Amino acid sequence: MARPLLLTGASGRLGTELRPLLPHALAPGRADLDVTDAAAVLAYLRAHRPAAVLHAAAYTDVAGAEREPEGCWRVNVLGTRHVADACAETGAILVHVSTDYVFWGDADPSRAARGGYREDDPTGPVRNRYALSKLAAEEEARRAPQHLILRTSFRPRAWPYPTGFTDVRTSQAYVDELAPEIALAARHADRLVDAGVRVLHVVGPPTTVFELARRRRPDVRPAAKAEAGVALPDDVVLNRERWLGWREELAREHG
Ligand SMILES: NC(=O)c1ccc[n+]([C@@H]2O[C@H](COP(=O)([O-])OP(=O)(O)OC[C@H]3O[C@@H](n4cnc5c(N)ncnc54)[C@H](OP(=O)(O)O)[C@@H]3O)[C@@H](O)[C@H]2O)c1
C-alpha cells in the first residue's frame, strides 16, 4: 500500500480546510501527536510511515507569544525540530507551513523596493516573538534532508472587521482560496523536492488589506494602519512566480 500523507494541526484554521482536500491523510489531534514530545513524534512516524508530513501545527497567537514566549518556542521551534528529525529518521518528506512574517516588510533603505520578496531573499529582521519562532522553525525544517517550506498567509473565510487598511500591502488571501494550493503542493512534494525546490511562496496576488477585505465584505470601510494600535508592515507582498510556474507544470503533468 502507498505510504500516506500525515497532516499536523488538522484542527486549526488551515487544517480544517485541508482535511476534505486530503481525505486519505492521517490527521491526528494533539492528544495523539503532540509535536513538543520528540519520542511521541518519532513513534508515530515509525508506526505509520508517512511518505510526507504536511506540518501545519503551530502556536499562532501573536500576542500570546509575547506573554508566553517559551510556549510558542516549544511548539514552533522544538516541535518543528522533532517533526524534521522524525522525517529524517523515517525517510519522509517534510512540507513545512511558514509565513510572510519571516520578512520585515517596512521601507528599507538597503533595498530598492520593499515587498515583492522572493524565496531566496534574506529573511528578517523579525517583528515579534511569533515571527522569530517561525523564522527559527524554518531552520529546524531544514534538518530534514527532504524538505519543502511553504510560506503563506491567509485570513479566515469571512472578513471579521468593519475596516481594512489601505496603506498595508499584502499577498494574503482567504484560507479557502489558499488551502487547495497548499494541498496541491503537498500532494506533489516528491516531484518538487526531486526538482530541487526547497522554498515556495504559496500566496495570493498583491493587494491592499482594504481591497482584500472588500472582496468578502463589500461594506468594509477604508482605514489607515496608524489606527491599528500595533506595528504593522507597509508591504509584505511575497513574489509567487515560482509557485505559479510549478502550478502550471503540475497541471500539465497531471491534467
Ligand atoms: N493564520 C494565519 O494568518 C497564518 C499566516 C501565515 C502562516 N500561518 C501558518 O499556518 C499554519 C497553520 O496556522 P493556523 O492559522 O491554521 O493555526 P491555528 O488555527 O492556530 O491551528 C494550530 C493547530 O496547531 C495545533 N497544535 C498546537 N500546538 C500543538 C502541539 N503541541 N502538538 C500538536 N498540534 C498542536 C492546534 O491543535 P489544537 O486544536 O489542539 O490547539 C491546531 O490544530 C501555522 O504554521 C501558521 O504559522 C498562519
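A quick note: this is a predicted structure, and the numbers were derived from the prediction, not measured. For ligands, and for the atoms within them, numbers begin at 1 and follow the listed sequence.
- At least one heavy atom of Ala56 sits closer than 4.0 Å to an atom of ligand 1.
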Kindly determine whether Glu68 and Tyr59 satisfy side-chain hydrogen bond (donor to acceptor under 3.5 Å, both in side chains), including the steps that lead there. CA-CA 11 Å; Glu68 193 210 0; Tyr59 183 114; 2.8 Å; yes
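- Some N or O of Thr60 is nearer than 3.5 Å to an N or O of ligand 1, by distance alone.
- At least one N or O atom of Asp34 sits closer than 3.5 Å to an N or O atom of ligand 1.
- In Phe154, the parts holding a heavy atom less than 4.0 Å from any atom of ligand 1 are both the side chain and the backbone.
- Around atom 35 (C) of ligand 1, the closest heavy atom drawn from Gly71, Ser153, Ala57 belongs to Ala57.
- When each of Ile149, Leu238, Leu150 is tested with Leu200 by the rule side chain to side chain contact (heavy atoms under 4.5 Å, CB included), just one qualifies, namely Leu150.
- Polar contact check, Val35 against ligand 1: a nitrogen or oxygen pair lies under 3.5 Å apart.
- The N/O atoms of Ser11, backbone and side chain alike, include one that comes under 3.5 Å of an N/O atom in ligand 1.
- If you look at Leu33 next to ligand 1, the close heavy atoms, those under 4.0 Å, all belong to the backbone.
- When each atom of ligand 1 is checked for a heavy atom of Tyr130 under 4.0 Å away, the hits are 46 (C), 47 (O).
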Check against salt bridge (charged side-chain N to carboxylate O under 4.0 Å, His left out), Arg214 and Asp219: CA-CA 7 Å; Arg214 205 155 65 153; Asp219 66 342; over 6 Å; no
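- Side chains of Thr80 and His55: a donor-acceptor N/O pair is present below 3.5 angstrom, by distance only.
- Residue Thr99 places no N or O, backbone or side chain, under 3.5 Å from any N or O of ligand 1.
- Residue nearest to atom 45 (O) of ligand 1, selected from Arg30, Arg151, Lys134: Lys134 (by heavy-atom distance).
- Using a 4.0 Å cut-off between heavy atoms, Val97 contacts ligand 1 through both its backbone and its side chain.
- Distances between N or O atoms of Gln172 and those of ligand 1 include no value under 3.5 Å.
- Proximity of Ala137 to ligand 1 is not established, as no heavy-atom distance is less than 4.0 Å.
- Within the 3.5 Å criterion, the main-chain N or O of Arg157 finds a donor-acceptor partner in the side chain of Arg216.
- Residues Tyr161 and Val220 come closest through the heavy atom pair O-CG2, 3.9 Å.
- Using the six-membered ring where Trp is involved, His188 and His254 have ring planes that are tilted, between 30° and 60° apart.
- The closest protein non-hydrogen atom to atom 7 (C) of ligand 1 is Ser98 O, 3.4 Å.
- Relative to the ring axis of Tyr174, Arg215 does not place its NZ or CZ within 45° and under 6.0 Å from the centre.
- Looking at Val97, Leu14, Leu94 one by one, the single match for side chain to side chain contact (heavy atoms under 4.5 Å, CB included) with Leu54 turns out to be Val97.
- If you look at His55 next to ligand 1, there are no close heavy atoms at all, none under 4.0 Å.
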